[in-house]
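Taking it in order: structure first as structure tokens, then the write-up.
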Amino acid sequence: MTPPFIRNHHFNIIQNQARLLQQACASAADPKVLRSVREGVQLALYEAFPDADAGQRALLEPIADWHAADDFRLGLQALQAYRLPFPALAEGELRRLFPKAKKLKGPDPGALELERTTYLGWTEAGSGRMFLVCDIDGSRVGVEGSVTGSVRGKNVCFACRHHSEVGLFTAIAKHRPAKASPDYYKAIGNYICLDSAACNRQIEDAGPLERFVRDVTAR
């Protein structure tokens, strides 16, 4: 059996492409239009899984041929078994990722749906501190920063690219130029969803978030 390989954001792509195809199957009278939609689905899945092996392709390629309502319902249900969960984090690893946070309290493990998680994000009550944990190249990487409450409001989240309730998340880059003064620092900020669970339900590309984390951590 093919082991789990579909990360959360990739499953979001599959769901959205399946939704587009199902709508086209229900409404498109012109066969050329439906064929174009199917080709678009094939391309989107190929771009999402460029390194898929034979077993993975055997699971993904039939999606573009789905037609009946049961194809979509049962097909997505079957793919749930191949979702790759975000790695669980023990309390000790959280402390290692955020050594300066003396009273760090991570997210409630019982509330997490790791199969539906591309990154972990939570805000520390009362302090305005926000914490992100990403899986980059097989390693967990943590970023701590502040969320500026005065700019909260509807805007586009840089991570999921959706119009959401966001805050300006700002972190201090760890890289310091060789001849920088002792008080040198570089702040890097971006708008991000205040509801990380909602963000994870919408994100389709982990690239912007991973680039942000790399910029901050100099990885």
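As the structure is a computational prediction, the values presented were derived from the model and not from experiment.
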Value rounded to 0.5 Å, distance of CG in Leu76 from CD in Gln22: 8.5 Å
Once rounded to the nearest 0.5 Å, what's the spacing between atom CZ of Arg95 and atom CG of Leu89? 12.5 Å
When every non-hydrogen atom of Asn8 is compared with those of Glu115, the smallest separation belongs to CB-O, 3.7 Å
Within this structure, what is the CZ-SG distance for the pair Arg201 and Cys193, rounded to the nearest 0.5 Å? 10.0 Å
OG1 of Thr123 to CG of Asp195, rounded to nearest 0.5 Å, is 9.5 Å
Give the minimum heavy-atom separation between Phe86 and Val133, together with the two atoms involved. CZ-O, 3.6 Å
Salt-bridge contact Asp137-Arg214 (side-chain N to carboxylate O under 4.0 Å): yes
From CD1 (Ile63) to CD (Gln17), nearest 0.5 Å: 9.5 Å
Report yes or no: do Phe169 and Ile188 belong to one cluster of Ile/Leu/Val/Met/Phe/Trp/Tyr joined by side chain heavy-atom distances under 4.5 Å? yes
Please lay out, stage by stage, how Glu210 and Arg7 fare under the test salt bridge (Lys or Arg N to Asp or Glu O under 4.0 Å). CA-CA 14 Å; Glu210 291 178 357; Arg7 295 180 66 187; 3.8 Å; yes
Taking side chain as C-beta onward, heavy atoms only, is Cys25 less than 4.5 Å from His67? yes
What class does the angle between the rings of Phe72 and Trp66 fall in, given that below 30° is parallel, 30 to 60° is tilted and above 60° is perpendicular? perpendicular
List the steps, then state whether side-chain contact (heavy atoms from CB on, under 4.5 Å) holds for Asp108 with Trp122. CA-CA 10 Å; Asp108 178 6; Trp122 69 98; over 6 Å; no
Sub-3.5 Å donor-acceptor pair from the side chain of Asn200 to the main-chain atoms of Thr118, do we have one? yes
Distance col, row Ser146:OG vs Arg129:CZ, nearest 0.5 angstrom, shows 5.5 Å
Tell me whether Val143 shares a hydrophobic cluster with Leu97, the cluster being built from Ile, Leu, Val, Met, Phe, Trp, Tyr side chains joined at under 4.5 Å. no
same_hphob_cluster(Ile203, Leu194) at 4.5 Å side-chain heavy-atom cutoff: no
Criterion side-chain hydrogen bond (donor to acceptor under 3.5 Å, both in side chains) on Gln202 and Asn12, from CA distance to verdict: CA-CA 7 Å; Gln202 299 173 148; Asn12 291 342; over 6 Å; no
Are the side chain of Ser36 and the backbone N or O of Lys32 linked by a donor-acceptor pair below 3.5 Å? no
Transitive ILVMFWY side-chain link Met130 to Tyr119, under 4.5 Å: yes
Within the 4.5 Å heavy-atom criterion, are Arg140 and Glu93 side-chain neighbours or not? yes
Is there a side-chain contact between Val41 and Leu20, using heavy atoms and a 4.5 Å cut-off? no
Kindly give the heavy-atom pair with the smallest separation between Leu21 and Ala64, and that separation in Å. CD2-O, 3.7 Å
State, to 0.1 Å, how close Phe49 and His10 come at their nearest heavy-atom pair, and which atoms those are. CZ-CB, 3.5 Å
With the side chain counted from C-beta on, respond yes when Cys160 and His9 share a heavy-atom pair under 4.5 Å apart, and no when they do not. no
For residues Leu120 and Ser196, determine if any side-chain heavy atom of one lies less than 4.5 Å from a side-chain heavy atom of the other. no
Side-chain heavy-atom pair Leu104, Leu94 within 4.5 angstrom cut-off: yes
Close side-chain approach of Ile14 and Ile6, heavy atoms under 4.5 Å: yes
Between Gln56 and Pro3, is there a side-chain heavy-atom distance shorter than 4.5 Å? no
Tell me whether Phe11 shares a hydrophobic cluster with Met1, the cluster being built from Ile, Leu, Val, Met, Phe, Trp, Tyr side chains joined at under 4.5 Å. yes
Before you tell me yes or no, could you show the steps for Asn190 and Phe212 under side-chain contact (heavy atoms from CB on, under 4.5 Å), namely the whole-Å CA-CA distance, both residues' side-chain angles and the distance that decides it to 0.1 Å? CA-CA 9 Å; Asn190 260 315; Phe212 177 82; 3.5 Å; yes
How close do Ile192 and Cys157 get, heavy atom to heavy atom, and via which atoms? CA-SG, 3.8 Å
How close do Phe98 and Leu132 get, heavy atom to heavy atom, and via which atoms? CZ-O, 3.5 Å
